[in-house]
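Heads up: the structure comes next, in structure tokens.
Each ligand, and each atom within it, is numbered from 1 in the order the structure gives. All heavy atoms count here, side chains included; hydrogens, waters and symmetry mates do not. Throughout, numbering of the chain's residues begins at 1 and tracks the sequence.
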Amino acid sequence: MTITLPFDNSYARLPDRFYARQRAVPVREPGLIAVNDALARALGLDPDALAAPEAVAAFAGNTTLEGAEPIAQAYAGHQFGGWVPQLGDGRALLLGEVVAPDGKRFDIQLKGSGPTPFSRRGDGRAWIGPVIREYIVSEAMAALGLPTTRALAAVTTGEPVWRETALPGAVLVRVAASHIRVGTFQYFAARQDTEALRLLTDHVITRHYPNARTPLDLLDAVTAAQARLIAGWMSFGFIHGVMNTDNMTISGETIDYGPCAFMDDYDPLKVFSSIDQFGRYAYGNQPRIAVWNLAQFASCLLPLMGEEEAAIEAATASINRFPEIYEAEWLRRFRAKIGLATEEDGDADLIEAMLTRMAEGHADFTRTFRGLIDGKAAAEFSDPAAFESWAEDWKARTEREADVRSTMRAANPAYIPRNHRIEAAINAAVTGDYDPFHRLNTILARPFDDQPDAADYRAAPTEEEIVARTFCGT
Ligand code: AMP
Ligand code: MG
């Protein structure tokens, strides 16, 4: 059986300096971990064909699919605020693009496929841990309804990857609206390559924001997309963990599931990433960091925006719209979380009062909000009385609402990818047992449904299960 994907590779038609043509490096023994059937079908691909040995071999990098033009994309970026003039795909290859039945164009990328000219000192590989982690969390993000890159498949390489010890190697087949980042613009801006900036701008406008007419329109659109995305993250207790400019997409999709985590107990200063010593990317800092990143993006567009002073003024005004868009979306989402479908003046204060008590009471973020539906929220607080006194105000407010429960049911997931569950799935996968991984994915595909046979997956971690630190996906 040969698999044919209708590749149409618009990025590979951009000039040579946008990427390096690079083949995947073959591996010893490709093996299938998973194909994402539902996603494959949505993209117009045959899941059975994607699970066939020919496809598994191609995903592991041993063959090149007909029509694919593998490239490692060039980009730069600010990592923890420090400028790095060249990053690029050091362990990933863009195979090409396909247009789905719904007309949307998507990238197919291999992550963990071997060294490229951008690998620097890295080996270009991934071990099974980060592959499993990204698969679970990106698919959970999609099921929660937030824009994200997706996981189409995962395969093993049959080769060890050396980290502190030998670990099984794996490759993630990632799908994205595109892999173009703020850092892609920065790469060309730093080289004062205005022609490339213009080509890239036209490319992303055509691809992601066809209504945009000018670079300023593009900036407006990206600012709005990111403001809405981050408000969505906040509403589910998600901490990205490494919001470097190379990890922020132009499309507005969440990308790069490295040291990310959904928090258990609510804490606005929460940090999981082992390398985020100063809490730059703490939960509560995410909107601010997004603005910082967007300012970097804006500065890349300035050469395309005409007279400098006017351009700076317009770009600044564009980014300054972030707080308004973010706050409106945040309020919309958190109103729904406490069952409010209508808007009243005191709502933001009511929500803030709850969050303050949650932080003081070490309340589990997901369980507390979901617990509002069935009267179980108080049990999440170290001092239930603190919740009860808030709940009096809340009940008074919800008397003016029609269907509080169904509003909350649609906004408060019962199931999130908790760190301890991800870790258990990884530990099993290392031994070749993918059952916990599959079971977790099945549950997380319906995060808002009560699933009686999965009640234990709603539980917060026990003291021994708590995962305090997450690590970069290398
Ligand atoms: P990340 O922190 O995942 O966004 O990666 C930052 C940069 O490091 C990107 O240029 C990656 O391609 C590169 N990188 C990360 N891990 C590896 C690896 N194992 N081999 C080569 N390059 C890597
Ligand atoms: Mg990255």
Side-chain angles (χ1 to χ4, degrees), residues 18-20 22-25 27 61 70-94 107 109-135 137-138 141 148-149 151 157 159-172 174-187 190 239-251 253-261 271-277 280-281 289-290 293 296-297 469-474:
F18 281 67
Y19 48 75
Q22 172 72 48
R23 299 219 157 217
V25 179
V27 299
I71 54 177
Q73 290 175 293
Y75 55 87
H78 279 93
Q79 299 188 309
F80 291 89
W83 170 242
V84 186
Q86 181 171 303
L87 289 161
D89 289 333
R91 57 167 159 179
L93 284 180
L94 175 60
D107 276 2
Q109 196 207 52
L110 304 182
K111 191 171 173 183
S113 47
T116 78
F118 302 109
S119 297
R120 292 169 293 164
R121 259 171 253 113
D123 60 2
R125 293 294 178 189
W127 69 281
I128 201 168
V131 168
I132 291 269
R133 167 177 271 279
E134 176 159 346
Y135 194 116
V137 186
S138 67
M141 192 67 93
T148 176
T149 65
T157 63
E159 291 180 2
V161 169
W162 289 92
R163 293 301 178 249
E164 263 147 32
T165 161
L167 294 158
V171 177
L172 180 74
R174 179 159 79 181
V175 161
S178 84
H179 286 82
I180 301 165
R181 310 140 192 270
V182 169
T184 317
F185 281 82
Q186 289 182 289
Y187 179 86
I239 303 167
H240 182 283
V242 59
M243 286 177 71
N244 295 333
T245 55
D246 55 305
N247 293 334
M248 182 184 261
T249 59
I250 298 304
S251 68
E253 289 182 339
T254 311
I255 195 171
D256 217 317
Y257 292 85
C260 62
V271 173
F272 283 92
S273 171
S274 58
I275 56 169
D276 192 1
Q277 287 172 31
R280 178 180 170 90
Y281 300 139
I289 288 295
N293 290 351
Q296 308 312 312
F297 178 49
R469 286 269 160 272
T470 54
F471 299 87
C472 261
T474 48

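A salt bridge does not link D256 with R174: every distance from a Lys NZ or Arg NE/NH1/NH2 to an Asp or Glu carboxylate oxygen is 4.0 Å or more.
Near G124, meaning under 4.0 Å from any of its heavy atoms, are these atoms of ligand 1: 18 (C), 19 (N), 20 (N), 21 (C). Taking a cut-off of under 4.0 Å to the non-hydrogen atoms of G122, the atoms of ligand 1 that pass are 20 (N), 21 (C). Set against the non-hydrogen atoms of D246, the atoms of ligand 1 under 4.0 Å away are 4 (O). Listed by number with element, the atoms of ligand 1 under 4.0 Å from a non-hydrogen atom of Y75 are 9 (C), 10 (O). Using a 4.0 Å cut-off to heavy atoms of S119, the atoms of ligand 1 that qualify are 21 (C), 22 (N). Atoms of ligand 1 found under 4.0 Å from any heavy atom of N247 (numbered from 1 in listed order, with element): 4 (O). Atoms of ligand 1 lying under 4.0 Å from at least one heavy atom of D256, given by number and element, are 1 (P), 3 (O), 4 (O). Of all atoms in ligand 1, listed by their number and element, those nearer than 4.0 Å to a heavy atom of D123 are 18 (C), 19 (N), 20 (N).
Formation of a donor-acceptor pair under 3.5 Å by the E253 side chain with backbone atoms of A176 is not found in this model.
Ligand 1 has no nitrogen or oxygen under 3.5 angstrom from a nitrogen or oxygen of V242. For a threshold of 3.5 Å applied to N or O pairs, the pair formed by F118 and ligand 1 contains no separation below that value. For ligand 1, the polar-atom distance check finds no N/O of D89 at less than 3.5 Å from any of the ligand's N/O atoms.
A 4.5 Å side-chain heavy-atom check between S178 and I250 finds every atom pair outside the cut-off. Side-chain contact between Y19 and L94: absent, with no pair of heavy atoms (C-beta onward) separated by less than 4.5 Å. Taking 4.5 Å as the limit, some side-chain heavy atom of Y281 sits within range of a side-chain heavy atom of F80. In this structure, the side chains of M248 and I289 stay at 4.5 Å or more apart for every pair of heavy atoms. Between R125 and V27, some side-chain heavy-atom pair lies under the 4.5 Å cut-off.
Annotation for R23: atom CZ does not count as buried by contact number, only 12 or fewer foreign heavy atoms lying within 6.0 Å.
Within the structure, the closest approach of R121 to ligand 1 does not fall below 4.0 Å when heavy atoms are considered. Within the 4.0 Å heavy-atom shell around ligand 1 one does not find Q86. The shell of residues lying under 4.0 angstrom from ligand 1, judged by heavy atoms, includes G88.
None of the N, O or S atoms belonging to D246 lies under 2.8 Å away from the Mg ion (ligand 2). Look at N244 and the Mg ion (ligand 2): no N/O/S atom of the residue is under 2.8 Å from the metal.
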**Request:** Using the side chain to side chain contact (heavy atoms under 4.5 Å, CB included) rule, take D276 and V242 through it: C-alpha gap first, then chi angles, then the decisive distance, then the call.
**Result:** CA-CA 8 Å; D276 192 1; V242 59; over 6 Å; no
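Looking at R120, Q79, R163 and measuring to atom 13 (C) of ligand 1, the nearest heavy atom belongs to R120.
Here the closest non-hydrogen pair linking W83 and A76 is CH2-CB, 3.6 Å.
Aromatic rings from Y135 and Y257 are positioned such that their centres are separated by 6.0 Å or more.
Checked against the Mg ion (ligand 2), the N, O or S atom of D256 at the shortest distance is OD2.
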